[in-house]
Amino acid sequence: MLNKQTANLLGLCQRAGKLLSGDAQVKNSIKERKAVLVLLAADASERTKKEYYHLAKANSIPIIETGTKLELGWSAGKSPRAALAVSDENFARGITEIIERGEA
């Protein structure tokens, strides 16, 4: 489950233009190494998860499984999303710290 603090930070990230969503956009950002962090919905299909984990590992980009597709989409102001890519170090660090503290 995505907590309010993480959702708020994702919303700020979106407004700053540092959050990428949509399958093609996220995958391209990983391949081009523009993504600093990838957030993957816990309820994404196993095929989708496998694909994103493989792509992220091949490009040395950390991936965190958190929230649902609905929660990730809502926090980005979009329809449900299986994955989001953060393209800013500071936002990525903030999101990672919240999740690691167990607050997400």
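- Between atom CD1 of residue Ile95 and atom CD of residue Glu97 there is a gap of 10.5 Å, rounded to the nearest 0.5 Å.
- With 3.5 Å as the limit, one finds a donor-acceptor pair spanning the side chains of Tyr53 and Glu65.
- Summarising the geometry of Ala41 relative to Leu72, their closest heavy-atom pair is N-CD1, 3.5 Å, with the distance given to 0.1 Å.
- Grouping the Ile, Leu, Val, Met, Phe, Trp and Tyr side chains by contacts below 4.5 angstrom, directly or via other members, places Leu37 apart from Ile30.
- Note: the hydrophobic cluster containing Leu2 also contains Val86 (ILVMFWY, side chain heavy atoms under 4.5 Å, direct or indirect links).
- Atoms NE2 and CG, from His54 and Asn59 in turn, are 9.0 Å apart once rounded to the nearest 0.5 Å.
- One hydrophobic cluster, built from ILVMFWY side chains closer than 4.5 Å, cannot hold both Phe91 and Leu20; they sit in different ones.
- Nearest approach of Asp43 to Lys69, heavy atoms of both residues: OD1-N, 2.8 Å.
- Between Asp88 and Val36, the shortest heavy-atom distance links the atoms N-CG2, 4.0 Å.
- By the side chain to side chain donor-acceptor pair (under 3.5 Å) test, Arg15 is found to be paired with no residue, residues two or more places apart in sequence or in another chain being considered.
- Leu84 is not connected to Leu55 by any chain of hydrophobic side-chain contacts under 4.5 Å among Ile, Leu, Val, Met, Phe, Trp and Tyr, and they are in different clusters.
- Heavy atoms only, all atoms of each residue included: Ala76 and Leu19 are closest at CB-CD2, 3.7 Å.
- Contact of the Asp23 side chain with the Tyr52 side chain is registered, since non-hydrogen atoms from C-beta on lie closer than 4.5 Å.
- What you find for Thr48 and Ala82 is that their closest heavy atoms are CG2-CB, 4.1 Å.
- Residues Arg81 and Gly22 come closest through the heavy atom pair NH1-CA, 3.6 Å.
- With values rounded to the nearest 0.5 angstrom, Glu32 atom CD is found 11.5 Å from Ser87 atom OG.
- Here the OG1-CD distance, from Thr66 to Glu71, works out to 7.5 Å after rounding to the nearest 0.5 Å.
- Here the straight-line distance linking atom CD1 of Ile64 with atom OG1 of Thr96 works out to 4.0 Å at 0.5 Å rounding.
- Leu70 and Leu10 are assigned to two separate hydrophobic clusters, defined by single-linkage of ILVMFWY side chains at heavy-atom distances under 4.5 Å.
- A distance of 6.5 Å separates CD1 of Ile61 from OG of Ser29, quoted to the nearest 0.5 Å.
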